[in-house]
Enquirer: 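Would you mind keeping the following structure in view while I ask a few things?
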Amino acid sequence: MKFMKLGSKPDSFQTDGGYIRFVASELATDMVVNVGDVKFYLHKFPLLSKSARLQKLVAATNDANGDEIHIQDIPGGPAAFEVCAKFCYGMTVTLNAYNVVAARCAAEYLEMYETIEKGNLIYKIDVFLNSSIFRSWKDSIIVLQTTKSLLPWSEELKVVSHCLDSIASKASIDTSKVEWSYTYNWKKIASENGNSPQWNDARKPQMVPKDWWVEDLCELPIDLYKRVIVTIKTKGRVSGDVIGEALNAYTLRRLPGFSKGVNQNIDFVKYRSLVETIVWLLPTEKGVVSCSFLLRLLRAAIFLDCGETERNELMRRIAQQLPEATMNDLLIRAPPGEATVYDVDMVQNLVEEFVTHSSRTEPVDNEFLGSRSPKFGPDASKVLVAKLIDYYLAEIARDPNLHLSKFVNLGETIASFSRPSHDGLYRAIDMYLKEHPGISKSERKRICKLMDCRKLSAEACMHAVQNERLPLRVVVQVLFFEQVRATASAENSTSDLPGSIRALLPGGSHGSSRSTTTNTEEDWDSVPTADDIKALKGELATLRLGSNDSGNEAAKSDVEKVAASRMKGLVMSKIFSKLWSSKERHGEISSSDTSDSHGSVNAEETKSTPSRSRRHSLS
């Protein structure tokens, strides 16, 4: 820390009690200066020779009061006045970053100008500030902190503006020119550079990190911090990602519990202002602030009841970067009074905003994902969001108070997103059915409509056909499509399959996975018993045996393979004939009813998932 010593005489100021200060001297004091609650017994000559204001005050006193004057509004109070008084006596005074601004403001108040005496206090302090303080990184920050209690004097004397410019200029300088000391997370440096030739035995990196300054600025109160960041932005030499890192570091330091959840026992007004200011300071560039940080900000903004403008701005930014989020980031607690554990409506709004943003920016807005997930192509962001929401649905499904409509609405929002597998969605649906056993048959049917059975993996199919929580309709669909896949795989071609079955395979050119097997009968929507599942699996035993035989007898002729394939088709036809004939015997199905059923279901499909057929064709 820089410092300056003024004067050479020993300090002879003494204290008599807590509120009396006097100069120990052979000469009797001839004036009393009241500064706040403290009385200073001093001599006129040294003070009046350097202070124009004291001259005026002494001249204005009347004989009744003697030579006692009152100063109630001097900046810095009794301590700052004492520094000025000691300077007038020529006593040793040490100025540093902590007291120099108070002394400068007090000297201005006392009018200690060069016109009164050459080499006066104002001149000497200005030289010290410009030659030492403003050239020092840490001293500039300390001085800026002290200016807050000295407003408006520090502002009018341009001490604040000089500090801001000094700090911003140093933060914006090329890192190769940084030679002063600064605070930094040395463990982070070591972990990043421990195996690098840039890290030497002295534990000092040869290359200064771009964000070397962010931790030191965390000491500033939010109003001064805002002005520093704005000044740094104005200079235009610091990238948005470094500004974002600075805001992240400041929020972690200044907002209690920000990383794990805001502490409830805090000053709401104070920290609401902090969060709103951080949101206002966010860089305009997309992707320079992590989605995780934005979601934690949103969580804090909701908890602190920040303004609608700030929350909407955060949601807009998060929607643009939603593919970067993790499931834990989305687990935002519901507001007080809500029955659910998590704020599902907020996530619903985020996904809807993402859908809107994607529709406006396709297909060029996924560049940041190109190198990360090249296999997804231009739909990478939608695939990542779909997987994210699948995981989120599985987590919130555990909430016994979660209404079915909220689960289904969120699932339908991403229904048009093409993704190779529906295993995650199946897991979420199964979890909901497990935690909500009392839902009706129609509700089970509604939630299962979210899932495309053709996009389940072999493991998921194996689980589904033994899952007694699923409606019989879904179990039959899974068995059917799994067998069709197995048949096509065994023959390495789908050319011998009937056209109606080829259309049901993943990648089929038309039709929904539910349009062929969906109908409105109550038995189809019922939950299958273990005996039902066992019977269905027994009917398919012939198909599995046929596949095993073809694997064990590799020398089969092509004619035998074709015959086996046709036999599988006959067995499949037999299974579904049994199911349909059972309904017809009870008079539940007529040709017109069946036609209407298919028509209504297809119309329903078109309404609820308008791009379903296109999604299958992209698979």
Side-chain angles (χ1 to χ4, degrees), residues 4 6-7 9-126 128-129 143 145-160:
M4 178 178 69
L6 299 174
K9 296 179 181 179
D11 184 356
S12 57
F13 267 71
Q14 296 184 11
T15 301
D16 184 6
Y19 301 101
I20 296 178
R21 299 282 286 162
F22 64 94
V23 177
S25 171
E26 295 179 355
L27 296 175
T29 60
D30 53 5
M31 69 178 298
V32 179
V33 181
N34 293 276
V35 182
D37 295 332
V38 180
K39 283 181 177 289
F40 289 87
Y41 291 85
L42 306 171
H43 302 85
K44 290 182 181 178
F45 176 72
L47 271 69
L48 300 186
S49 64
K50 291 182 172 59
S51 171
R53 189 180 188 98
L54 288 178
Q55 292 177 12
K56 298 173 186 176
L57 290 173
V58 170
T61 58
N62 52 47
D63 295 338
N65 293 329
D67 291 323
E68 184 171 350
I69 59 178
H70 295 268
I71 301 176
Q72 301 297 334
D73 55 348
I74 184 172
F81 176 80
E82 185 171 330
V83 170
C84 295
K86 288 180 178 179
F87 173 78
C88 293
Y89 279 96
M91 298 177 186
T92 301
V93 176
T94 301
L95 297 178
N96 53 43
Y98 290 100
N99 64 4
V100 67
V101 180
R104 175 65 180 86
C105 293
E108 186 71 25
Y109 178 89
L110 295 173
E111 301 176 9
M112 302 175 74
Y113 303 131
E114 287 294 285
T115 55
I116 303 299
E117 182 176 302
K118 292 293 183 182
N120 213 338
L121 184 57
I122 290 177
Y123 170 77
K124 290 183 179 294
I125 291 179
D126 285 345
F128 177 55
L129 287 172
V143 166
Q145 289 177 283
T146 65
T147 61
K148 188 173 182 179
S149 62
L150 296 165
L151 295 173
W153 288 88
S154 58
E155 194 77 64
E156 294 173 356
L157 295 175
K158 299 188 183 304
V159 177
V160 176

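Worth saying up front: this structure is predicted, and the values here are computed from it rather than measured.
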Enquirer: What side-chain hydrogen bond (donor to acceptor under 3.5 Å, both in side chains) pairs are there with at least one residue in residues 81-91, not counting sequence neighbours?
Expert: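 Counting only pairs at least two positions apart or across chains, the side-chain hydrogen bond (donor to acceptor under 3.5 Å, both in side chains) contacts touching residues 81-91 are Asp11-Lys86, Arg21-Glu82, His43-Tyr89, Glu82-Lys86.
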Enquirer: Give a yes or no on whether Tyr123 atom OH has more than 12 heavy-atom contacts from other residues, nucleotides or ligands under 6.0 Å away.
Expert: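 Not more than 12 within 6.0 Å, no.
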Enquirer: Applying side-chain contact (heavy atoms from CB on, under 4.5 Å), can you list everything that pairs with Val83, at least two apart in sequence or on another chain?
Expert: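 For Val83 the side-chain contact (heavy atoms from CB on, under 4.5 Å) partners, ignoring immediate neighbours, are Val93, Leu95, Ala103.
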Enquirer: With sequence neighbours left out, write down each residue that passes side chain to side chain donor-acceptor pair (under 3.5 Å) with Glu108, or none if nothing qualifies.
Expert: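 For Glu108 the side chain to side chain donor-acceptor pair (under 3.5 Å) partners, ignoring immediate neighbours, are Arg104, Tyr113.
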Enquirer: Please collect all salt bridge (Lys or Arg N to Asp or Glu O under 4.0 Å) contacts where either partner lies in residues 112-124, sequence neighbours excluded, each pair once.
Expert: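 Listed by first then second residue: Lys50-Glu117.
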Enquirer: Once side chain to side chain donor-acceptor pair (under 3.5 Å) is applied, do any residues pair with Asp73, and if so which ones, sequence neighbours excluded?
Expert: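 Listed in chain order: Tyr109.
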Enquirer: What residue pairs, at least two apart or across chains, pass salt bridge (Lys or Arg N to Asp or Glu O under 4.0 Å) with a residue in residues 88-103?
Expert: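 Non-adjacent pairs meeting salt bridge (Lys or Arg N to Asp or Glu O under 4.0 Å): zero.
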Enquirer: Please enumerate all residues that pass side-chain contact (heavy atoms from CB on, under 4.5 Å) together with Lys56, with sequence neighbours excluded.
Expert: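 Residues passing side-chain contact (heavy atoms from CB on, under 4.5 Å) with Lys56: Glu111.
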Enquirer: Dump the intermediate steps for side-chain contact (heavy atoms from CB on, under 4.5 Å) on Phe13 and Leu42, then the final yes or no.
Expert: CA-CA 10 Å; Phe13 267 71; Leu42 306 171; 3.7 Å; yes
Enquirer: Check side chain to side chain donor-acceptor pair (under 3.5 Å) between Asp30 and all other residues, then give those that pass, not counting sequence neighbours.
Expert: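 Not a single residue meets the side chain to side chain donor-acceptor pair (under 3.5 Å) criterion with Asp30.
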Enquirer: Got a sec, which residues hit side-chain contact (heavy atoms from CB on, under 4.5 Å) with Pro78, two or more places apart in sequence or on another chain?
Expert: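 Applying side-chain contact (heavy atoms from CB on, under 4.5 Å) to Pro78 gives Val35, Val38, Phe40.
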Enquirer: Shortest non-hydrogen contact from Pro75 to Ala80?
Expert: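 Reported closest heavy-atom pair: O-CB, 3.6 Å.
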Enquirer: For Glu156, give me all partners under side-chain contact (heavy atoms from CB on, under 4.5 Å), at least two apart in sequence or on another chain.
Expert: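 In terms of side-chain contact (heavy atoms from CB on, under 4.5 Å), with neighbours along the sequence ignored, Glu156 is linked to Pro152.
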